[in-house]
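Read through the structure below, which is laid out as structure tokens, and then see the notes.
The first residue of the sequence shown is numbered 1, and numbering continues consecutively from there.
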Amino acid sequence: MQYRRAKTPGATYFFTVVTFRRREILCEPDNRVLLRAAFNAMKTRHPFTMDAFVLLPDHLHCIWTLPPGDMDYSMRWNGIKRHLSLYCSDTYKTAPSASQKRKRAQTIWQPRFWEHQIRNDWDYEKHCDYIHWNPVKHGLVARIRDWPYSSFHRFVRLGIYSLDWAGVSDAMVEKGYGE
């Protein structure tokens with residue numbers, strides 16, 4: 001099956017990447033280290049800017065800006081997901097189905113990812129807000145500043161958000177941003 005994806009060189013994209021069967025394994029210390037290494041290795045080989053990021057137990061959201069002339073985010077995600085799949089402990093992997101065995105598929109990630117090309121400054125701002133609000137939305141913390149695996153803290157240092165920033169409006173959540 002061919003998926004229709006936005007392919008604009010040098011564009012900015014919002015992504016959602018989810019674990020296989022939504023297993024809550026991403027915030028485990030070893031997996032956080034592996035993910036950081038995967039992102040750093042990929043950024044060294046195929047540069048991109050990580051504009052915003054949040055890591056949750058069973059998924060992550062981020063915004064990337066690709067270099068001018070480059071539109072291959074799929075190759076980057078393939079490498080990042082492959083790195084964690086290869087090097088994470090077997091305790092985080094589930095037994096593959098017969099179909100997965102035939103396809104040599106792994107059981108750390110869902111097979112694909114969700115992407116949205118950022119259209120303008122308003123869209124960028126709302127997706128950054130969505131990313132940083134996500135730990136509160138999922139009931140992981142009561143205050144955004146209490147979630148450690150997020151670019152929220154960088155946004156505070158840069159003066160984009162205040163430490164007590166409240167997040168997105170109910171109307172935005174109802175519109176389904178980011179999911």
query: Does F155 reach the side chain of W165, with side-chain heavy atoms less than 4.5 Å apart?
result: no
query: Any chance the side chains of T12 and Q117 put a donor and an acceptor closer than 3.5 Å?
result: no
- request: Evaluate the criterion ring pair (Phe, Tyr, Trp, His ring centres under 6.0 Å) for residue pair W64 and F48; output intermediate values, then yes/no.
  value: CA-CA 6 Å; W64 293 357; F48 63 94; 4.1 Å; yes
message: Is it the case that the ring center of Y13 lies less than 6.0 angstrom away from the ring center of H116?
response: no
message: I'd like to know if the side chain of K81 reaches the main chain of Q110, judged simply by a donor and an acceptor atom lying under 3.5 Å from each other, with no hydrogens or angles considered.
response: yes
- request: Indicate whether any N or O donor in one side chain lies under 3.5 Å from an N or O acceptor in the other, for T49 and D51.
  value: no
- prompt: Can you find a pair of side-chain heavy atoms, one from D72 and one from L66, that are under 4.5 Å apart?
  reply: no
- request: Using the rule that two of Ile, Leu, Val, Met, Phe, Trp, Tyr join whenever any of their side-chain heavy atoms come within less than 4.5 Å, decide whether F20 and V18 are in one cluster.
  value: no
task: Could you walk me through whether F53 and H61 pass the ring pair (Phe, Tyr, Trp, His ring centres under 6.0 Å) test, one step at a time?
output: CA-CA 6 Å; F53 178 84; H61 299 291; 9.6 Å; no
- prompt: With under 30° as parallel and over 60° as perpendicular, where do the rings of Y149 and W147 fit, or are they tilted in between?
  reply: perpendicular
query: Does some side-chain heavy atom of S74 sit less than 4.5 Å from a side-chain heavy atom of K7?
result: yes
Closest non-hydrogen atom pair, C27 against P57: SG-N, 3.6 Å
- request: Please examine the side chains of F15 and Y73, heavy atoms only from C-beta on, and report whether any two atoms are closer than 4.5 Å.
  value: yes
field: Chi angles and distances behind the ring pair (Phe, Tyr, Trp, His ring centres under 6.0 Å) call for W77, F39
entry: CA-CA 9 Å; W77 276 120; F39 277 111; 5.8 Å; yes
task: Check whether any side-chain N or O of H127 sits under 3.5 Å from a backbone N or O of D123 as a donor-acceptor pair, and report yes or no.
output: yes
Electrostatic pair K126:D129 at N-O distance under 4.0 angstrom: yes
message: Testing the 3.5 Å rule here: is there a donor-acceptor pair between the side chains of N134 and H59?
response: yes
